[in-house]
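A short worksheet on the structure shown next.
Both ligands and their constituent atoms are indexed starting at 1 by order of listing.
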Amino acid sequence: MPLSQAVCVCLLLLAELPASLHRCVFDEVQARVRVVRAVQRSPIGPPGHTRTLQTPTGQVVSPSFTSPQPIRIKSWLSRESEHLSEPDKGQMMATVKEAVRMVSSLLSGANLLSTRAHTNRKTNIFFIVQRASSPLLLRRDINKYCKFLWKNSSTINYNRCGRANSNYRTETCLHVTIPDEHLAGCEVLPAADSTRRIVLRPHGTGLPDVDFLLYVHIQATDKCRAEPSLLAYAAHCQMDTRGRPLAGVVVICRDRLTKLTVPTVLHELFHVLGFSKDLFHTWTDCSFQQVGAGCSPRSKVTYSDGSGQMRIYTPSVILALQKHLAAVDPELGGPLENLDVPRGAVSSHWEARVLQGSIMLAVLDHSSPVHIDPVTLAAFQDTGWYTVNMSKAQSLVWGKGEGAMFGSMSTCQDNSSSFFCTGSGLGCHYLHLHKGECQNDPLMDGCRIYKALSNGSECWIKENQRKSPEEIFGLDSRCFFSSLTSLNQRQLLVTGRCYRHRCTGPNSYQIQVVDADWLDCPAGSSIQIRGYQGSVFCPDERLCLYSDATPPSQAENVTGFISRGQNNDLNGFSVLHFACSAHGPVAVTTLCCLSAAVCLMVVLRVAYRRCSPHCGVRIHAASGDV
Ligand SMILES: *[C@@H]1O[C@H](CO)[C@@H](O)[C@H](O)[C@H]1NC(C)=O
Ligand SMILES: *[C@@H]1O[C@H](CO)[C@@H](O)[C@H](O)[C@H]1NC(C)=O
Ligand SMILES: *[C@@H]1O[C@H](CO)[C@@H](O)[C@H](O)[C@H]1NC(C)=O
Ligand SMILES: *[C@@H]1O[C@H](CO)[C@@H](O)[C@H](O)[C@H]1NC(C)=O
Ligand SMILES: [Zn+2]
């Protein structure tokens, strides 16, 4: 094969590789965004402070509380978004809307005045604690429209704008220009001690019945181009006086529109709503809240534990993790990802060793399901801005009941937990939907886990059958550690095999192997089967216990999540995969080596990019009515 052809084949192969690994770039994006925060002009105070000059009334909050109300999130397609065909646009909008709908069904807030709860209360997960009664108006950045502020504190115009910046155009949220109608006006006070004012821009009309404005921006940005696996990124850009984010943008990479999933958008939305290291310090404590009394800022929520792991120490998070791990250790704050984070600094993601399967991991793996887990929901509860219906949490199978030390670097290699492995043998992914191989992972800090194999390892896909006559594939098949063999073999090798299963009760099931009857498989034990050598191990607390640990095909209908409410059914979520360990790039490399050295170099470059800590998904937000 001529060199040029070889290169072509190689590039094609690369293009076909599943981009299942998405590393979130939120922290990096958010760090470059200037967030505009509303300032509280106290109605009582020194002269000059009484006059509310520019109060965007949208954020005046009623001091009295009733029950929380469902959060109202408005998505707005940015005017700068690249043109989309109608089907593309429809699909993208459906994805964003579904993510927004799911959040609305999770978070909620309170305002006695509003009777317009447009969502069924029962379906809601998020409620907003303080719902503004007036239309949402975003602020203009005084540092942008103003050349200087009056700095004499005994004058009435203290800290107000003295001169207009003639270069001022408008406000932006990442790549999005905020429409004037969404913005409060601004004015200049030409004299320090005079009430005379010049209106620079009038107030916009604002957005009625909106608690959070999500700009959706579709573009092949430089960031998208630089990160081949990046699907979307986001940032928040405005917050109210209490530090609650009011507006943000999610940027969706134009050329990866078709790969966009609801979990990806949901993940970004969670960041801009408050799960962000830049917002941890503005989370508020409302536990002593009474009518008329406010909440107090938590100021600092992240601390290092004894081992150097940074954790979020807030009451609901601690409680949720203690409950999940069945431990009472008070050191059990929500562990934060340490990869690529300087010592002592924090990230906006959970530690993957401890909370595998959570929607808020730094890398989303689309090969297995991700869940809206109780610890993530507890974090939103602890923001003080939201009330969360915790009964909507999806189950977290990973680490359930494993104790306080679960997932620590010191214990993950000592064979004390069946969630981790040593060596590089074959076995089963922890959800038992896929066969897996014991592997390392960049996020795992040296701990090894059974990762789903990339080549036909799904037990629940019937089409995988042809490769293996000793197994049974199909919707009701699961992966089992097994050394079964029908041949007379001297050495029995334990590996992951697909057999059928059927539930007989919680954590109780039967299995069926080739040419055999259904047999009870008592959880936690191993069984032998007539006609076979070796045995099958029956996993404990993994099968027939969680309705949301089922094949994605049964969860295609994402909307089923909410309507099936009490099932806690998370099946609709796509799972994130750790692609760097996938066999794909290796196979491609081999192929290319045979063809041409040039090809190898290309592959290595791509493989490096895919696997380097910098590869991944980044997040932003955009505008335009979706
Ligand atoms: C919380 O969710 C549960 C289960 O879906 C539902 O029964 C309950 O009514 C919800 N509570 C609120 C306050 O919406
Ligand atoms: C500040 O303003 C007060 C009242 O107008 C004036 O008396 C005082 O001299 C000013 N101080 C400075 C440092 O300009
Ligand atoms: C854990 O188990 C593996 C396989 O059984 C064994 O090779 C390894 O030495 C064990 N490690 C420890 C620390 O016990
Ligand atoms: C899949 O990959 C594993 C590990 O490389 C290999 O052992 C196995 O034979 C492959 N399975 C199929 C069906 O190709
Ligand atoms: Zn993220």
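- The ligand atoms of ligand 2 that sit less than 4.0 angstrom from a heavy atom of Asp193 are 4 (C), 5 (O).
- When each atom of ligand 1 is checked for a heavy atom of Ser391 under 4.0 Å away, the hits are 1 (C), 2 (O), 3 (C), 4 (C).
- Atoms NE2 of His349 and NE2 of His267, as seen from the Zn ion (ligand 5), are separated by an angle of 110°, to the nearest 10°.
- Under the 4.0 Å distance rule, the nearest protein heavy atom to atom 14 (O) of ligand 2 falls inside the cut-off.
- For ligand 1, the atoms closer than 4.0 angstrom to any heavy atom of Lys392 are 2 (O), 5 (O).
- In the model, Asp193 has no side-chain atom that pairs as donor or acceptor with a side-chain atom of Thr155 under 3.5 Å.
- In this structure, a donor-acceptor pair under 3.5 Å is absent between the side chains of Gln219 and His175.
- Ring orientation note: the planes of Phe26 and His271 are close to parallel, at an angle under 30° on the 30°/60° scale.
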Starting from the C-alpha separation in whole Å, work towards a yes-or-no answer on ring-ring contact (aromatic ring centres under 6.0 Å, His included) for Trp350 and Phe275.
CA-CA 10 Å; Trp350 295 127; Phe275 201 95; 4.9 Å; yes

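- Looking only at protein heavy atoms, the nearest one to atom 10 (C) of ligand 2 is Asn152 ND2, 2.3 Å.
- No side-chain heavy atom of Thr282 sits less than 4.5 Å from a side-chain heavy atom of Arg242.
- Those atoms of ligand 2 that come under 4.0 Å of a heavy atom in Thr155, given as number and element, are 2 (O), 5 (O).
- Of the candidates Lys74, Arg244, Arg72, Arg72 is the only one forming a side-chain hydrogen bond (donor to acceptor under 3.5 Å, both in side chains) with Asp211.
- Of all atoms in ligand 2, numbered sequentially from 1 with element shown, those under 4.0 Å from a heavy atom of Ser154 are 1 (C), 2 (O), 3 (C).
- Taking the six-membered ring wherever Trp is involved, the centroid distance between the rings of Phe212 and Trp385 does not fall below 6.0 Å.
- Put simply, atom 5 (O) of ligand 2 has protein non-hydrogen atoms near it, under 4.0 Å away.
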